[in-house]
A.B. asks: 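Below is the structure I would like to discuss, written out as structure tokens.
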Amino acid sequence: MRTLLANATVITMNPARDVLDTDILIENGVIADMGPGLAGRPENAGAERVDLSGRIVIPGLIQSHMHVTQSLFRGLADEMELMDWLQRRIWPLEGAHTPETNAAAARLAAAEGLRSGVTAFIDMGTAHCQDAIFETMRDVGMRGLFGKCMLDLGGTDVPAALMEDTETCLRESERLMNRWHMSAGGRLRYAFAPRFVPSCTETLLTRTRDMARANGVRLHTHASENKGECAYVESLVHMRNLRYLHSIGYTGEDVILAHCIWIDDDEIRILADTGTHAVHCPSSNMKLASGIARIDEMLAAGCRVALGLDGAHNHMDALVELRQAGILQKVRTNRPSALSPLQALEMATLGGARALGQEDELGSLEPGKKADLAVINPDRLNMAPRIGRDPVAQVVYQATHENVEATMVDGVFLYRDGKYATLDLGECLRDAESACARILRSPDVAPLFAH
């Protein structure tokens, strides 16, 4: 299968960070060649030609911290801080999921992701019914790193529907790893995903650490998101949250830590020295009033930082999240130059590829890398006028899902001109409504919403 994308403005994110007016030749899901005039070569006459004149092509956006299972719960847990949000709404809602409702949640997340240029998720998963998420992403054709959410400690009022004993939790996680890691031609990968220190025993954390490293898979958890969470962790382990994780071996190039807001200079150095991936989730952190991560200082220290949407916070537009990331550091530091558009875009592309462990294959548009990309149409009110503008800044500060014309994974257009190749949007929306209604009627959830 050969596809030729002609006449595009390509934000490559290559080592030189080139922005090129060029053609892209794709063969069997991989970028085979790039350069002006490829469309006119006789040897490329048989390729499917897609004219992208006036369009901007970017590497596929990678959502590096997601709760796909929460996509049905938007608008059901507003005006709460983190622990109330979890205990009074999100955990009971998650606990009521069935395989069918989880599949509906995954389809909804995939549809909105593709519509906003997302080609891969790093997902925290759910305690039960995790196969449904894998099955859905396999069928949709998206890429990602997914794991069963693990909770074996109830001191934070974890509902019984989500709690498991340590051995059951580990056995099911191992089963899922053996079933799904490197499946779908390597598109789907597994990560061990303990929720966070307050809901996990040290036994669970250290066992998952050892199992992950014995099997060459990643570790994904939350860290230092909320002041109350941090205080609770310190009361348990008598150390700051990130220092504790470091003390038990939960740092390193195979570790993804979501949020990392309430960390000090020493903890920033730990992240940088160990190559641990921190994931910035600006919309979530603002919505829950959790705080603003010190991204500018983290990048200056050499930390690896990616970008994520997190959970049920009302939107899943990856380009809106990109804008939030680009602007929020300016507010925090009172410096308009803080976090350049190029740095923000790097977090959403190469930063995510590094977190996935696939920087050699993803995150930039170069020959030899996988053809995961998004096509941005700037011929819309929100991006006009174009003349004399920096396309990187336009994408970061101005683009939204309405500008995404197409999203490609492995050289296949999964979303194009408002249509999905592997999803029925009407069915997706009907299933989401039905699944949410079923969850809201469940015995453990209905009393929470009774008026």
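What you see is a predicted model, and the numbers here were worked out from it, not measured in a lab. When a residue number appears, it is its place in the shown sequence, counting from 1.
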A.B. asks: Near R187 CZ, under 6.0 Å, is it more than 12 heavy atoms from other residues, nucleotides or ligands?
C.D. replies: yes
A.B. asks: Is it true that a side-chain atom of D310 and a backbone atom of M66 form a donor plus acceptor pair closer than 3.5 Å?
C.D. replies: no
A.B. asks: Is it true that R143 and E361 make a salt bridge, defined as a side-chain N closer than 4.0 Å to a carboxylate O?
C.D. replies: no
A.B. asks: Okay, side chain of N215, backbone of V217: is any donor-acceptor separation there less than 3.5 Å?
C.D. replies: no
A.B. asks: For the side chain of W262 and the backbone of S290, is there at least one donor-acceptor N/O pair under 3.5 Å apart?
C.D. replies: yes
A.B. asks: Aromatic rings F134 and W180: how do their planes relate, parallel, tilted or perpendicular, breaks at 30° and 60°?
C.D. replies: parallel
A.B. asks: I'd like to know if the side chain of R218 and the backbone of D254 have a donor-acceptor N/O pair within less than 3.5 Å.
C.D. replies: no
A.B. asks: To the closest 0.5 Å, what do you measure between CD1 (I376) and CD1 (I58)?
C.D. replies: 4.5 Å
A.B. asks: Considering non-hydrogen atoms only, spot the tightest contact between L114 and T407 and give its length.
C.D. replies: O-OG1, 2.6 Å
A.B. asks: Side-chain contact, heavy-atom cut-off 4.5 Å: L356 with R189?
C.D. replies: no
A.B. asks: Salt bridge check: are R386 and D379 linked by an N-O gap of less than 4.0 Å?
C.D. replies: no
A.B. asks: Between Y420 and A111 (side chain of the first, backbone of the second, donor and acceptor by atom type, cut-off under 3.5 Å), is there such a pair?
C.D. replies: yes
A.B. asks: Closest approach of L271 and C260, non-hydrogen atoms and distance?
C.D. replies: CD1-SG, 4.4 Å
A.B. asks: With rounding to the nearest 0.5 Å, note down the distance linking CZ in F413 to CD in E48.
C.D. replies: 7.0 Å
A.B. asks: Nearest 0.5 Å please: distance from the OH atom of Y397 over to the CG atom of N382.
C.D. replies: 16.0 Å
A.B. asks: Between E359 and R304, is the closest basic N to carboxylate O distance under 4.0 Å?
C.D. replies: no
A.B. asks: With a 4.5 Å cut-off on side-chain heavy atoms, are L362 and T119 touching?
C.D. replies: no
A.B. asks: Going by distance alone, is a donor N or O of one side chain under 3.5 Å from an acceptor N or O of the other, for N102 and T69?
C.D. replies: yes
A.B. asks: Kindly determine whether Q324 and V320 satisfy side-chain contact (heavy atoms from CB on, under 4.5 Å), including the steps that lead there.
C.D. replies: CA-CA 6 Å; Q324 303 277 41; V320 169; 4.3 Å; yes
A.B. asks: May I ask you to test the D410-K370 pair for a side-chain heavy-atom distance under 4.5 Å?
C.D. replies: yes
A.B. asks: Under 3.5 Å, is there a donor-acceptor pair between the H315 and S283 side chains?
C.D. replies: yes
A.B. asks: Would a distance-only check, ignoring hydrogens and angles, find a side-chain to backbone donor-acceptor pair under 3.5 Å from E229 to S224?
C.D. replies: yes
A.B. asks: Check for a donor-acceptor pair, side chain of Q329 on one end and backbone N or O of A293 on the other, with a separation under 3.5 Å.
C.D. replies: yes
A.B. asks: Run E225 and S284 through side-chain contact (heavy atoms from CB on, under 4.5 Å) and show every step you take.
C.D. replies: CA-CA 10 Å; E225 178 179 358; S284 169; 4.2 Å; yes
A.B. asks: CD1/I248 to CG/L245 distance, rounded to the nearest 0.5 angstrom?
C.D. replies: 5.5 Å
A.B. asks: To check you understand the geometry: which heavy-atom pair defines the closest contact between C303 and A272, and what is its length?
C.D. replies: SG-N, 3.7 Å
A.B. asks: Verify the neighbour count for atom CD of E433: are there more than 12 heavy atoms of other residues, nucleotides or ligands below 6.0 Å?
C.D. replies: no
A.B. asks: Is the closest basic N to carboxylate O distance between E427 and R107 below 4.0 Å?
C.D. replies: no
A.B. asks: Please work out which of the three classes, parallel, tilted or perpendicular, describes the rings of H259 and H222, given edges at 30° and 60°.
C.D. replies: parallel
A.B. asks: Tell me the closest heavy-atom pair linking A278 and M298, and the distance in Å.
C.D. replies: CB-CE, 3.4 Å
A.B. asks: Would you check if the side chain of T12 reaches a backbone N or O of N14 as a donor-acceptor pair within less than 3.5 Å?
C.D. replies: yes
A.B. asks: Taking the side chain as every heavy atom from C-beta outward, state whether R49 and N7 have any pair of such atoms under 4.5 Å apart.
C.D. replies: yes
A.B. asks: Under the 3.5 angstrom rule, does the side chain of Y190 hit a backbone N or O of K148 as a donor-acceptor pair?
C.D. replies: yes
A.B. asks: Applying side-chain contact (heavy atoms from CB on, under 4.5 Å) to D296 and R332, what does each step give before you reach the verdict?
C.D. replies: CA-CA 9 Å; D296 215 38; R332 190 187 68 80; 3.9 Å; yes
A.B. asks: Is the shortest heavy-atom distance from the side chain of L319 to the side chain of R323 under 4.5 Å?
C.D. replies: no
A.B. asks: Less than 4.0 angstrom from a charged side-chain N to a carboxylate O is my criterion; do E172 and R175 meet it?
C.D. replies: yes
A.B. asks: Heavy atoms, side chains only, cut-off 4.5 Å: are E321 and M347 in contact?
C.D. replies: no
A.B. asks: Using a strict cut-off of less than 4.0 Å between a Lys/Arg side-chain nitrogen and an Asp/Glu carboxylate oxygen, indicate whether R207 and E174 qualify as a salt bridge.
C.D. replies: no
A.B. asks: Can you measure from CZ (F192) to CG (L204) and round to the nearest 0.5 angstrom?
C.D. replies: 10.0 Å
A.B. asks: Between atom OG1 of T9 and atom CG of L20, what is the distance when rounded to the nearest 0.5 Å?
C.D. replies: 9.5 Å
A.B. asks: Is D23 reaching over with its side chain to a backbone N or O of L38, donor-acceptor style, under 3.5 angstrom?
C.D. replies: yes
A.B. asks: Check C281 against H65 and note the closest heavy-atom contact, atom names and distance.
C.D. replies: SG-CD2, 3.9 Å
A.B. asks: Less than 4.5 Å apart, side chain to side chain, heavy atoms only: is that true for I292 and I261?
C.D. replies: no
A.B. asks: One thing to verify: whether E43 and R2 come together as a salt bridge, which I'm taking to mean a side-chain N less than 4.0 angstrom from a carboxylate O.
C.D. replies: no
A.B. asks: Could you walk me through whether N226 and W85 pass side-chain contact (heavy atoms from CB on, under 4.5 Å), step by step?
C.D. replies: CA-CA 12 Å; N226 171 279; W85 182 81; over 6 Å; no
A.B. asks: Answer whether the closest heavy-atom distance between the side chains of T422 and D139 falls below 4.5 Å.
C.D. replies: no
A.B. asks: Could you tell me which non-hydrogen atom of M1 sits nearest to which non-hydrogen atom of G411, and how far apart they are?
C.D. replies: CE-O, 3.8 Å
